[in-house]
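Comments concern the structure below.
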Amino acid sequence: MTEQIKATEAVEQTVEKKEEEQEEKTQERSPFLDFSTSIQDNDLVLAWLTRDNTKPIRPTANGAFHTRFGSFQHNHILASKYGSQIPSSSATQTGYIHVLHPSPELWSLSLPHRTQIVYTPDASYIAQRLRIRPGTKVIEAGTGSASFTHALARTVGRKGRVWTFEFHEPRYQMAAQEIAEHGLSSVVKPTHGDVCKNGFAHSCGETLDASAVFLDLPAPWEAIPHLKTVVAKSKITRICCFSPCMEQVHRTIEALQKDQWLDIEMVEVSCKRWEAHKEMVRKPEDAIERLRDIKRKRTAGLNKRNARVEAERAAAAGREPDAEVTAAAAGSESVAPLPTDYNPWGKGKRIHEGDEGYEWKNVSKVEAELKTHTSYLTFAYLPPPMQDAE
Ligand SMILES: C[S@@+](CC[C@H](N)C(=O)[O-])C[C@H]1O[C@@H](n2cnc3c(N)ncnc32)[C@H](O)[C@@H]1O
């Protein structure tokens, strides 16, 4: 009997696996959900120009990407793998870019800003506090530039759902287009509507049963009363409200308390990136040698000019040029060529961090500016109306 049960279970598992594989094959590919090493025609590629400048591009045959670091041929990008360094094809510019695979983290650095956005330090903290994981159903308002929407979509995956609301029509349309272009339509449902006035079910067209709610709105306290009807009935629902000022936090807390949300807590994420690298030890002797180089160059230049002027004058007067002046110029030329090796105090051969033959010390520095829209995060949870909580 047990053997029979085991055999039936095995058959069921195989059928389930095949169904899942079939489902995956028929599903739309998304660069935010599916990883690939090769770059296909019109794929989304994030071109990393500098630390503060990442641009989204879609390479197509014979196209080019023009930057102040040079032009980059799309054919070269299409023949490369994600992660590659691409040199400029311009004859006069020697710059390069890196072509990176999209991720919500990189997208938040390169997306077209339509509003303030949620950056990765906040996004990752919020996602883990709301216990968002594959399969979670989330309500988000407003969509804004859809920065956090991408992070949510990647975390909940194809078995989850993100209902995102935006009342500003052009912003809603741009977000909806982006979500479709990024192959996220099966995960994210963008809706155009005012959640403070009309709630979440209105105009969404789907039955909502979210266990996580994220509100990045100027007046979350007006949206909170609409939540009870659209959150999960059989498990705990967690909420995070993202507000830049304390008055908003107070009003949010009042609204949460009124609707029996529990464990209300306010947190601020102050994330600072630390950088560690090697710095070349610069000795005073090197500085002195550099000053000597400058003086030698200046004297040689002066002597040459004096000799040229003297030669012209002598020729005009029909006499021999002054021997002392000519000798001084010749003397400068015969001085050993200036050192071409690297001098940490001046110009010279290009050295890469950590190269052998030089003295290095380990240094670290903290990022001066925070690349995050510092806001107060108010968290709470709502138990399910029934007793069989998760
Ligand atoms: C700061 S932005 C959200 C940014 C978003 N979290 C991101 O990471 O890109 C706030 C958005 O909420 C929208 N909004 C404000 N009040 C709203 C309401 N009552 N209903 C729907 N959207 C609203 C605004 O139009 C704005 O686009």
Side-chain angles (χ1 to χ4, degrees), residues 28-114 117 119-121 123-124 145-151 153-154 174-175 177-184 273-280 342 347-358 360 365 367-369 371-372:
E28 194 183 10
R29 277 189 60 77
S30 165
F32 290 90
L33 300 175
D34 308 291
F35 185 75
S36 162
T37 49
S38 63
I39 305 174
Q40 308 296 325
D41 193 75
N42 211 30
D43 270 354
L44 178 64
V45 170
L46 302 183
W48 178 279
L49 284 89
T50 66
R51 269 164 207 248
D52 304 317
N53 194 357
T54 307
K55 290 258 181 290
I57 54 172
R58 287 196 180 261
T60 50
N62 302 324
F65 174 47
H66 304 286
T67 74
R68 66 192 166 99
F69 305 107
S71 292
F72 301 90
Q73 298 308 309
H74 283 188
N75 287 352
H76 192 163
I77 297 174
L78 289 169
S80 310
K81 289 196 183 317
Y82 277 114
S84 308
Q85 190 186 72
I86 310 288
S88 154
S89 59
S90 327
T92 50
Q93 279 159 306
T94 54
Y96 59 84
I97 57 169
H98 283 93
V99 284
L100 304 182
H101 194 284
S103 69
E105 292 74 21
L106 288 173
W107 180 247
S108 75
L109 300 177
S110 60
L111 58 80
H113 274 230
R114 308 179 278 267
I117 65 162
Y119 284 100
T120 299
S124 53
S145 306
S147 168
F148 194 51
T149 317
H150 280 75
R154 190 267 316 270
M174 276 186 257
Q177 188 183 334
E178 234 167 53
I179 284 156
E181 283 171 3
H182 293 171
L184 293 172
R273 200 187 294 271
W274 282 79
E275 257 181 35
H277 63 100
K278 291 184 187 300
E279 208 172 81
M280 189 183 279
Y342 183 74
K347 287 181 189 164
K349 147 176 138 183
R350 194 166 172 196
I351 302 293
H352 296 103
E353 192 179 315
D355 274 359
E356 278 180 23
Y358 303 91
W360 300 94
K365 66 173 185 192
E367 171 178 61
E369 223 181 284
K371 189 106 186 146
T372 172

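In this chain, residues are counted from 1 in sequence order.
Screening Leu100, Leu46, Asp43 for a side chain to side chain contact (heavy atoms under 4.5 Å, CB included) involving Tyr82 leaves a single residue, Asp43.
Ion pairing between Lys365 and Glu279 fails under the 4.0 Å rule for side-chain N and carboxylate O.
Considering CD1 of Ile117 and NE2 of His150, their distance stands at 11.0 Å, rounded to 0.5 Å. Put simply, CD1 on Ile86 and CD on Gln73 are 11.0 Å apart, with the number rounded to the nearest 0.5 Å. In this structure, Ser103 OG and Phe35 CZ are separated by 10.0 Å, a value rounded to the nearest 0.5 Å. Atom CG of residue Asn75 and atom CG of residue Asp41 lie 9.5 Å apart, to the nearest 0.5 angstrom. We find the OG-NZ distance between Ser38 and Lys81 to be 6.5 Å, quoted to the nearest 0.5 Å.
Under the 4.5 Å side-chain criterion, counting only non-hydrogen atoms from C-beta, Glu181 is in contact with Arg58. In this structure, Glu105 and Ser124 have side chains that are not in contact, with every pair of non-hydrogen atoms separated by 4.5 Å or more. Proximity of Tyr119 to Ser147: side-chain heavy atoms (C-beta onward) are nowhere separated by under 4.5 Å. Side-chain contact between Ser145 and Arg114: present, with at least one pair of heavy atoms (C-beta onward) separated by less than 4.5 Å. Residues Pro56 and Leu44 form a side-chain contact, since some pair of their non-hydrogen atoms from C-beta on lies under 4.5 Å apart. Between Arg29 and Ser36 the shortest side-chain heavy-atom distance falls below 4.5 Å. Looking at Met174 and Pro112, their side chains never come closer than 4.5 Å, going by heavy atoms from C-beta outward.
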If you apply the rule side-chain contact (heavy atoms from CB on, under 4.5 Å), what do you find for Thr149 with Trp107, and how did you get there?
CA-CA 11 Å; Thr149 317; Trp107 180 247; over 6 Å; no

Evaluate side-chain contact (heavy atoms from CB on, under 4.5 Å) for His66 paired with Ser71, printing each intermediate quantity in order.
CA-CA 4 Å; His66 304 286; Ser71 292; 2.7 Å; yes

For Ile57 and Phe72, what are the C-alpha separation, side-chain angles and deciding distance, and is it a side-chain contact (heavy atoms from CB on, under 4.5 Å)?
CA-CA 11 Å; Ile57 54 172; Phe72 301 90; over 6 Å; no

Tell me, with the steps shown, if Lys278 and Tyr358 meet side-chain contact (heavy atoms from CB on, under 4.5 Å).
CA-CA 11 Å; Lys278 291 184 187 300; Tyr358 303 91; over 6 Å; no

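One side chain, Ser88 or Ser90, offers a donor N or O that lies under 3.5 Å from an acceptor on the other. Side chains of Ser30 and Glu28: no donor on one and acceptor on the other come within 3.5 Å.
Across all non-hydrogen atoms, the minimal contact from Ile97 to Leu49 is CG2-CG, 4.0 Å. For the residue pair Pro59 and Ile39, the shortest heavy atom distance occurs at CG-CG2, 4.0 Å. Residue Leu106 comes nearest to His101 through the heavy atom pair CD1-O, 3.5 Å, listed as atom of the first residue, atom of the second, then distance.
With hydrogens and angles disregarded, no donor-acceptor distance shorter than 3.5 Å links the side chain of Asn42 to the backbone of Thr60. Side-chain atoms of Thr67 come within 3.5 Å of backbone N or O of Phe69 as a donor-acceptor pair. Not one N or O on the side chain of Thr54 forms a donor-acceptor pair closer than 3.5 Å with the backbone of Trp48.
Atom OH of Tyr96 is surrounded by 12 or fewer heavy atoms from other residues, nucleotides or ligands within 6.0 Å.
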